[in-house]
Amino acid sequence: MIGLIGKKTGMTQIFDDTGRLTPVTVIEFEPNVVVGKKTADADGYDAVVLGVYDMRKIRITKPYAGQFPEGVAPKRILRELRDFEKEVAVGDKLGASLLEGLRYVDVTATSKGKGFQGVQKRWNFAGGRSTHGSKFHREPGSTGQRTYPHKTFKNVKLPGRMGRERVTVQNLRVVRVDAEAGCILVRGAVPGPRTCTVVVRDAVKKTN
Amino acid sequence: MNLIQKIQAEQIRADVAPFNVGDTVKVHFKIVEGKTERIQIYEGLVIAMKNAGIGRTFMVRKISYGVGVERVFPLNSPRIDKVEVVRPGKVRRSKLYYIRTKIGKKSKVKILLPSRKEEVEAQQN
């Protein structure tokens, strides 16, 4: 597996060779620095720790800075990528060129928060009739009945906080990799607001 | 200029001749049939332009065998070979949807004549 930490820049459209408009999301990459490596012997699994964005000096605490090896400035965002297939050394800088040649990617990010939502938006309940005397509009319905089961089961779909959770979108087609500008364009939407941090990996379910 | 604007700027076609709503135009549109490519000409009145940037489209209306036909073209599409202005029109609104309900002389748009200043410039050249 290979991957990078990026920033969602936003969406636009691209004409392809046949003249069709394709919706694309632009993901930018600052240089990803290899901050550390985890090995099966020492940590129980293989992984590469990538970091992006230098921190303001005043924000760096000694304990935080202590986890970075010498010669690597403390980074604001760290992500571990398991079973990294490319040979990298600590201190290496990785850019968008790493993703060249990939046809499909998976993108992981924290989705937009929707706040407290009812069951129709949150769980796609159908809802009731609006008119003809119906008093059942957007309610969740019954949850625990009476004698049996006499309780609300766990994990029953009810209103509550929606969004702002880790979401992975799989099999997004790579439309273009621009190593010079340090960005890639993937077909379709990516979770999260603009400027949010995303992790782009090669697709698990497609052979690249 | 941010990255998205840059990506869009690459694709925006400045070579498609500038035309306006109300003009009668000939759209030379590339049609791909299997392996061969040919150019189809669609002539009609531009009745609307919509959206901005890369997604800008224009709507061309013509009467074909007594039936009104409206076709929407993406302005920046690579499949547009060129757009010829046959007759510039003088209109006072940006959307000419009213033309759909008009017949005869009322469905015509007045020709836009060049202003005196433009005429003088044209003669000098």
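On a predicted model such as this, the values are computed, not experimentally measured, just so you know. Every chain is numbered from 1, with letters handed out A, B, ... down the list of sequences.
- A/D16 and B/P78 get closest at one heavy-atom pair: O-CG, 4.2 Å.
- Of the residues listed (A/I14, A/T12, A/L21), the one engaging B/Q11 in a side-chain contact (heavy atoms from CB on, under 4.5 Å) is A/I14, and it is the only one.
- B/N76 contributes atom CG, which lies 10.5 Å from atom CD of A/Q13 (distance to the nearest 0.5 angstrom).
- When heavy atoms are compared at a cutoff of 4.5 Å, A/R20 does not approach chain B at all.
- To the nearest 0.5 Å, atoms CZ (A/F15) and CD (B/E10) are separated by 13.5 Å.
- Annotation: A/R194, atom CZ; neighbour count of heavy atoms from other residues, nucleotides and ligands within 6.0 Å does not exceed 12.
- By the 4.0 Å N-to-carboxylate-O rule, A/E28 lies too far from B/K6 to be salt-bridged with it.
- Within a 6.0 Å radius of CD1 in B/I31, other residues, nucleotides and ligands contribute more than 12 heavy atoms.
- The side-chain heavy atoms of A/V26 and B/I7, taken from C-beta on, include a pair separated by under 4.5 Å.
- Atom CZ of A/R164 has 12 or fewer heavy atoms from other residues, nucleotides or ligands within 6.0 Å.
- For B/K90, the NZ atom counts as loosely surrounded, since its 6.0 Å shell holds 12 or fewer non-hydrogen atoms of other residues, nucleotides or ligands.
- Around the CZ atom of B/R38, the shell of radius 6.0 Å holds more than 12 heavy atoms that belong to other residues, nucleotides or ligands.
- Looking at A/D178, there are no atoms closer than 4.5 Å to chain B (heavy atoms on both sides), in backbone or side chain.
- Atom NZ of B/K62 has more than 12 heavy atoms from other residues, nucleotides or ligands within 6.0 Å.
- In this structure, B/S77 and A/G19 approach most closely via the heavy-atom pair OG-O, 4.0 Å.
- For B/Q40, the CD atom is densely surrounded, since the number of other residues' heavy atoms within 6.0 Å is greater than 12.
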